[in-house]
Amino acid sequence: MWYLDLTNHQRSALMEHAPGINDLLVKLERKMEGRSVADPPHPNDFNRTRRAVVDAARPFADKPALSDTEKVAFDALVEVTDSLGNAADKAARQRELNDEAAAAFGRPVDGRGSVTGWVDANGRPVAVLAPEDRLSSADGGDFRDLHIGSLMRAMAGAGTRNDLAIRALQEGLDSAGGVTVPEHLVRQFIDLMRARTRVIQAGARTVPLSTEKTSIARITSDPTAAWRAELGAVAQSEPTFDKVEFVARSLAVKLPVSLELLQDSLNIEDALRTALAGAFAVEMDRVALFGSGTAPEPEGVANVTGVNEVSMGTDGAALSGYGELLQAFQAIADANAPEPTACLMAPRTKFAFAGLTATDGQPLMAPKVINDVPFMDSTNLPVDESHGTATNASRIITGDFKQLLIGVRQGLRIEVLRHTLADDLTITFVAHLRADVALVHPAAFAMVTGIVPA
């Protein structure tokens with residue numbers, strides 16, 4: 001470690017003439033314990049301390065003469081400055097190497113997400129995040145101790161002074177008067193939103209979008225194997241693909257908050273962050289399942305061509321068993337698609353299954369093939385669909401939700417509509433996020449439609 005190269009004489013001189021710097025170096029050294037090539041520090045870890053060391057060295061340089069111990073301390077500060085600069089360069093290079101390894105070996109070195117064969121508009125590899133993966137990390141650079149709720153409160157000029165938030169506002173202020181949220185805060189926010197999104201809990205994966213458009217290949221038919229005689233030609237059969245593009249579409253939400261609440265509430269910062277993430281999560285859930293596909297709205301599972309459908313009948317019917325859901329599972333299997341990871345349904349439908357009874361009056365047990373798949377309820381599954389003459393129908397959407405991709409651009413813009421303040425002392429925040437939805441393998445999904453209450 002670079003700090004251990006200092007002699008005891010240099011350490012003593014620093015303790016005497018720059019004790020604050022000595023403490024910073026000790027804290028940094030402890031922070032670096034356990035870091036590896038797979039988890040390199042951020043260059044800012046070193047650069048922040050380096051700036052403090054340079055500031056501490058200036059008074060020594062301005063003195064006409066230095067005592068012996070002051071000279072030792074000054075030389076140590078110069079040496080540490082160089083060492084910190086080299087450490088920052090090394091950390092930056094290691095992170096670059098890890099990114100290159102991710103593209104070459106199929107998985108980021110830090111373990112967050114996996115790299116696919118997909119590329120974006122500039123030919124760069126596209127990584128995907130499983131539900132358990134995180135986009136953010138503990139290493140948040142300069143804004144690691146800030147979160148988006150604190151930033152929003154500072155934008156409104158309410159609450160106690162937060163110097164870190166004010167700095168973030170100054171750096172992110174755009175020409176239109178809004179604020180571009182720092183990258184680390186965006187990553188934190190996206191992870192919070194993902195955790196609250198039902199389709200992601202069911203297995204949907206997240207694609208961080210770095211460009212306006214990201215292209216992926218979608219399988220529309222599998223190749224067919226054929227037997228051949230000795231020395232006979234191999235029958236040619238190729239899978240059929242078409243191209244699916246993520247287009248970063250704009251999703252916006254207004255969040256009105258009273259001035260009194262912003263000024264006086266102890267937990268308003270956490271509440272702002274939670275409310276904003278919840279608003280985006282609910283809409284991402286809805287559009288992933290039922291998006292119309294008419295611009296600017298993405299196309300959800302229910303409207304994608306090729307998704308299997310099993311009907312409860314011309315005018316719908318109440319559930320009496322697991323037969324229709326078994327048919328949906330079979331339709332997925334018949335398409336050689338992966339097995340379902342979840343069944344999403346309205347709470348009404350979930351409890352209708354729970355209330356099914358056998359002829360002996362005991363609860364009706366689901367077949368093992370269904371029992372092994374989680375039943376997940378979501379209020380985004382409506383209970384007022386039209387199905388023949390029925391106007392109170394609902395549906396089940398099941399499938400391999402890993403084939404459902406949520407593309408999210410790593411940028412978030414927030415502005416404050418201050419003109420609302422004059423009316424009723426309410427401040428309205430407007431947040432803009434860019435995202436899209438894509439279904440890689442439609443045949444991996446099936447719907448049971450026309451479910452009406454008993």
**Student:** Is there a side-chain contact between Arg196 and Thr274 in this structure, where contact means two heavy atoms from C-beta onward sitting under 4.5 Å apart?
**Tutor:**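 When only atoms from C-beta onward are counted, Thr274 and Arg196 do touch, with a gap below 4.5 Å.
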
**Student:** Any pair with a residue in residues 285-299 that passes side-chain hydrogen bond (donor to acceptor under 3.5 Å, both in side chains), sequence neighbours left out, goes on the list, sorted by first then second residue, please.
**Tutor:**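 Sorted result for residues 285-299: Glu283-Arg286, Arg286-Glu297, Ser292-Glu297.
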
**Student:** Anything under 30° is parallel, anything over 60° is perpendicular, the rest tilted; go ahead and classify Phe280 against Phe189.
**Tutor:**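 Answer is perpendicular, since the angle exceeds 60°.
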
**Student:** Is there a side-chain contact between Ile268 and Val257, using heavy atoms and a 4.5 Å cut-off?
**Tutor:**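 In contact.
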
**Student:** Distance only, no hydrogens: is a donor on one side chain within 3.5 Å (strictly under) of an acceptor on the other, for Arg194 and Thr206?
**Tutor:**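 The answer is yes; a qualifying pair exists.
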
**Student:** One pair to check against side chain to side chain contact (heavy atoms under 4.5 Å, CB included): Phe445 and Val304. What are the steps and the verdict?
**Tutor:** CA-CA 10 Å; Phe445 286 83; Val304 174; over 6 Å; no

**Student:** Quick check: does any side chain N or O of Asp270 sit under 3.5 Å from a backbone N or O of Gly149, one acting as donor and the other as acceptor?
**Tutor:**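 No, Asp270 side chain to Gly149 backbone: no donor-acceptor pair under 3.5 Å.
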
**Student:** With sequence neighbours excluded, tell me which residues meet side-chain hydrogen bond (donor to acceptor under 3.5 Å, both in side chains) with Thr197.
**Tutor:**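 With neighbours one apart ignored, the set is empty.
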
**Student:** Rounded to the nearest 0.5 Å, what's the gap from CD on Glu309 to CZ on Arg395? Could you check?
**Tutor:**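 Reported to 0.5 Å precision, the distance equals 6.5 Å.
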
**Student:** Does the Asn371 side chain pair with the main chain of Ala366, one donor and one acceptor, at a distance under 3.5 Å?
**Tutor:**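 No.
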
**Student:** Run the side chain to side chain contact (heavy atoms under 4.5 Å, CB included) check on Met284 and Val437 step by step: do they pass?
**Tutor:** CA-CA 9 Å; Met284 286 304 302; Val437 175; 4.3 Å; yes

**Student:** Evaluate Leu262 against Leu272 for side chain to side chain contact (heavy atoms under 4.5 Å, CB included), listing each step before the verdict.
**Tutor:** CA-CA 9 Å; Leu262 282 169; Leu272 286 171; 4.0 Å; yes

**Student:** If we ignore hydrogens and angles and just use 3.5 Å, is the side chain of His387 paired with the main-chain N or O of Gly313 as donor and acceptor?
**Tutor:**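 Side chain of His387 to backbone of Gly313: a pair is present.
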
**Student:** Is a side-chain donor or acceptor of Asp45 paired with a backbone partner of His42 at a separation under 3.5 angstrom?
**Tutor:**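 Checking the backbone N and O of His42 against the side chain of Asp45, a donor-acceptor pair under 3.5 Å is found.
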
**Student:** Taking atom CG of Leu192 and atom CG of Leu276, what is their separation to the nearest 0.5 Å?
**Tutor:**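 These two atoms lie 9.0 Å from each other.
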
**Student:** Mind checking the CD1-CE spacing from Ile396 to Met312? Nearest 0.5 Å is all I need.
**Tutor:**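 Ile396 CD1 to Met312 CE: 8.0 Å, rounded to 0.5 Å.
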
**Student:** For Asp191, is there an ion pair with Arg187 - N to carboxylate O distance below 4.0 angstrom?
**Tutor:**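 The answer is no: the pair does not qualify as a salt bridge.
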
**Student:** Please examine the side chains of Leu364 and Tyr322, heavy atoms only from C-beta on, and report whether any two atoms are closer than 4.5 Å.
**Tutor:**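 Yes, at least one pair of side-chain atoms sits under 4.5 Å.
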
**Student:** Quick one: does any side-chain atom of Thr426 pair with a main-chain N or O of Ser258 as donor and acceptor, under 3.5 Å?
**Tutor:**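 Checked: no pair found.
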
**Student:** When you check the gap from the basic side-chain N to the acidic O, do Arg273 and Glu269 get nearer than 4.0 Å?
**Tutor:**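 So Arg273 does not pair with Glu269 through a salt bridge.
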
**Student:** Report yes if the side chains of Val448 and Leu319 come closer than 4.5 Å at any heavy-atom pair, otherwise no.
**Tutor:**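 Not touching, per the 4.5 Å side-chain cut-off.
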
**Student:** Applying the side chain to side chain contact (heavy atoms under 4.5 Å, CB included) criterion to Met376, which one of Gln201, Lys350, Met345 satisfies it?
**Tutor:**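 Filter result, single survivor: Gln201.
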
**Student:** Working to the nearest 0.5 angstrom, can you tell me the gap between Arg409 CZ and Ile190 CD1?
**Tutor:**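 If we round to the nearest 0.5 Å, Arg409:CZ and Ile190:CD1 are 11.0 Å apart.
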
**Student:** So, the side chain of Asp315 versus the backbone of Thr389: is there a donor-acceptor pair under 3.5 Å, distance only?
**Tutor:**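 Checking the backbone N and O of Thr389 against the side chain of Asp315, a donor-acceptor pair under 3.5 Å is found.
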
**Student:** Roughly how far apart are Thr379 OG1 and Arg198 CZ, rounded to 0.5 Å?
**Tutor:**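 If I round to the nearest 0.5 Å, the distance is 9.5 Å.
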
**Student:** With a 4.5 Å limit on heavy-atom distance, are the side chains of Phe46 and Asp89 in contact?
**Tutor:**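 Side-chain contact under 4.5 Å: no.
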
**Student:** Any heavy-atom pair between the side chains of Gln188 and Ile148 that's under 4.5 Å?
**Tutor:**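 No. Closest side-chain heavy atoms not under 4.5 Å.
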
**Student:** Keeping Arg205 on the side-chain end and Leu405 on the backbone end, is there a donor-acceptor pair under 3.5 Å?
**Tutor:**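 Judged by distance alone, no pair lies under 3.5 Å.
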
**Student:** Could you tell me the separation between the CG atom of Leu326 and the CD atom of Glu324, rounded to the nearest 0.5 Å?
**Tutor:**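 Going from CG on Leu326 over to CD on Glu324, the span is 9.0 Å.
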
**Student:** Verify side chain to side chain contact (heavy atoms under 4.5 Å, CB included) between Leu381 and Phe290, making sure each step is shown before the conclusion.
**Tutor:** CA-CA 9 Å; Leu381 277 294; Phe290 294 101; 3.6 Å; yes

